[in-house]
2 protein chains.
Amino acid sequence: MSGYLGSFVHQVDAKGRVALPASFRRGSESESFILIQVHEDALSLFPHSSWRPVEEELRELIRKQPEARAGVLALTASALEVSTDKQGRILIPDRMRELVGLRREALFVGALNKIEIWDPKRFRDSTEAPDPKFDPFIESIFA
Amino acid sequence: MSGYLGSFVHQVDAKGRVALPASFRRGSESESFILIQVHEDALSLFPHSSWRPVEEELRELIRKQPEARAGVLALTASALEVSTDKQGRILIPDRMRELVGLRREALFVGALNKIEIWDPKRFRDSTEAPDPKFDPFIESIFA
DNA sequence: GGCTCGGTGGGGAAAAGTGGGGGAAAGTGG
DNA sequence: CCACTTTCCCCCACTTTTCCCCACCGAGCC
């Protein structure tokens, strides 16, 4: 199975629940993910297989650069393990939704090793004019 | 087995389904591909064996040039994993067909490591007058 | 002619997405 | 340790979408 791909808009219900897109569910039922805000504008959802190396690298960073400890701690403090319920939904705490401007609609975006969760409008604004400087690099990757 | 070669026109039915040319089917039944818009005028279809290195290089690009993240995210967001049904057809979402002007007919073109899907007319317009500047290079490859 | 294989079309069962009620569990205060 | 509140999550119900399966048609081969 390859990485996460595609984009899907789902409703956030009154209880803060959102259905994880079916194509992002790997195992049969009730899997769990790490929910964390890595970037300014979006939440990230890591399956355990992708999270493990991240965790290793974070510890490695602290070992080599102890001054990075506070920054790493701020990240881990606001991260969270979430599980799908029997209907395949995850619960996103209100606080986290506010951080990235999520309202009634959540856009799930496949980003290879992880899933990003965006407010649809913000995503459009952030990706509508990608920097053409990188086009040659990207083109050559697909050649 | 060598790369994809040849071109085949197939009908897109009312549900958005198109038969994958039989000569592009490798395994026995129900294989899956990555469907993505890499170029302006056509969709690309990667078998998993070709896709894996692409995925690696995309992640490498983001690691080395974080500003490329938005561009790569826009790509993966619009990409999609598609599987053939028991009749050997794939489903192309309406949105993707509009992006490259696909209507009732789809032209499948073998492009070595991947398959490209074109609107027949666009393909004719794009390839009828190739730049002769590169002819010597191409000729020398076959010498 | 009868067979197989590749391509095309449509009906219907199964899955995915959405919403709400209620019981269990966890957190809080006496 | 017991009551009360709040949060969580399981269950059921409903709608929409997906895709599985069957049937047909035509071309080429035995």
Side-chain angles (χ1 to χ4, degrees), chain A residues 1 4-35 45 47 78-98 102-110 115 117-120, chain B residues 1 4-35 45 77-98 102-110 115 117-120:
Chain A
M1 179 73 79
Y4 297 102
L5 295 172
S7 56
F8 309 86
V9 177
H10 285 164
Q11 308 303 310
V12 181
D13 72 17
K15 300 179 181 178
R17 297 176 298 182
V18 207
L20 188 70
S23 60
F24 290 168
R25 296 176 208 152
R26 300 307 208 212
S28 45
E29 70 171 53
S30 188
E31 30 189 349
S32 73
F33 296 85
I34 309 299
L35 178 62
L45 203 54
S78 66
L80 178 61
E81 182 163 10
V82 295
S83 303
T84 57
D85 66 17
K86 279 222 169 134
Q87 279 67 10
R89 294 174 285 199
I90 58 169
L91 188 70
I92 304 179
D94 291 0
R95 211 191 73 264
M96 276 213 170
R97 279 191 290 139
E98 284 162 20
L102 272 185
R103 312 176 79 79
R104 272 219 46 98
E105 298 200 313
L107 174 68
F108 287 80
V109 183
I115 299 161
I117 309 176
W118 289 74
D119 171 64
Chain B
M1 179 73 77
Y4 297 102
L5 296 171
S7 57
F8 309 86
V9 177
H10 285 164
Q11 308 304 308
V12 182
D13 73 16
K15 298 181 179 176
R17 296 175 299 184
V18 206
L20 188 70
S23 61
F24 290 168
R25 295 176 207 153
R26 300 304 207 214
S28 45
E29 70 170 53
S30 187
E31 30 189 349
S32 72
F33 295 86
I34 308 300
L35 177 63
L45 204 55
S78 68
L80 190 56
E81 182 164 7
V82 295
S83 302
T84 57
D85 65 17
K86 277 218 172 139
Q87 280 66 16
R89 294 174 287 198
I90 60 169
L91 187 71
I92 305 180
D94 292 0
R95 214 191 72 264
M96 276 212 170
R97 278 189 290 138
E98 284 163 19
L102 271 184
R103 313 175 78 80
R104 285 274 316 160
E105 298 200 314
L107 172 68
F108 286 81
V109 183
I115 300 162
I117 309 176
W118 289 74
D119 172 63

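In what follows, chains are A, B, ... by sequence order, proteins preceding strands, each numbered from 1.
To the nearest angstrom, P of C/dT18 lies 13 Å from CG of A/D85. The CG-C1' distance, from B/D13 to D/dC19, rounds to 12 Å in whole Å. With rounding to whole Å, A/E105 atom CD is found 13 Å from C/dT18 atom C1'. In this structure, CD1 of A/I90 is placed 13 Å from P of C/dT18, rounded to the nearest angstrom. Regarding A/E81, its CD atom lies at a distance of 15 Å from the P atom of D/dC8, rounded to whole Å. When the P atom of C/dC5 is taken as reference, atom CZ of B/F24 falls 21 Å away, rounded to whole Å.
Between the side chain of B/R25 and the base of C/dG6 there is no donor-acceptor pair of N/O atoms closer than 3.5 Å. Counting atom types as modelled, B/K86 pairs no side-chain N or O with a base atom of C/dG6 as donor and acceptor under 3.5 Å.
Counting only distance, with no hydrogens or angles, the side chain of B/H10 and the backbone of B/V18 share no donor-acceptor pair below 3.5 Å. A/R17 contributes no side-chain N or O that, together with a main-chain N or O of A/L91, makes up a donor-acceptor pair within less than 3.5 Å. One N or O on the side chain of B/E31 and one on the backbone of B/R26 form a donor-acceptor pair closer than 3.5 Å.
As the counterpart of C/dC5, D/dG26 is assigned, both hydrogen-bonding distances of the Watson-Crick or G-U wobble pattern falling under 3.5 Å.
Smallest separation of non-hydrogen atoms from B/F33 and B/F24: CZ-O, 4.2 Å.
Counting non-hydrogen atoms under 4.0 angstrom, B/L20 reaches the backbone sugars and phosphates but no base.
Listed nucleotides: D/dC12, C/dT8, C/dG17. Nearest to the side chain of B/Q87: C/dT8. Here the nucleotide nearest the side chain of A/Q11, chosen from D/dC21, D/dC10, C/dG19, is C/dG19. Here D/dC21 is the nucleotide among D/dC21, C/dT8, D/dC11 with the atom lying nearest to any side-chain atom of B/R17. Looking at the side chain of A/A22, the nearest of the listed nucleotides D/dC19, C/dG17, C/dT18 is C/dG17. Counting only heavy atoms from C-beta on, A/K15 has its side chain closest to C/dG20 among C/dG12, C/dG20, C/dT18.
Within the structure, every side-chain polar atom (N or O) of B/R89 is placed at least 4.0 Å from both OP1 and OP2 of D/dC21.
Annotation: side chain of B/I34 is in contact with side chain of A/L5 (closest heavy-atom distance under 4.5 Å).
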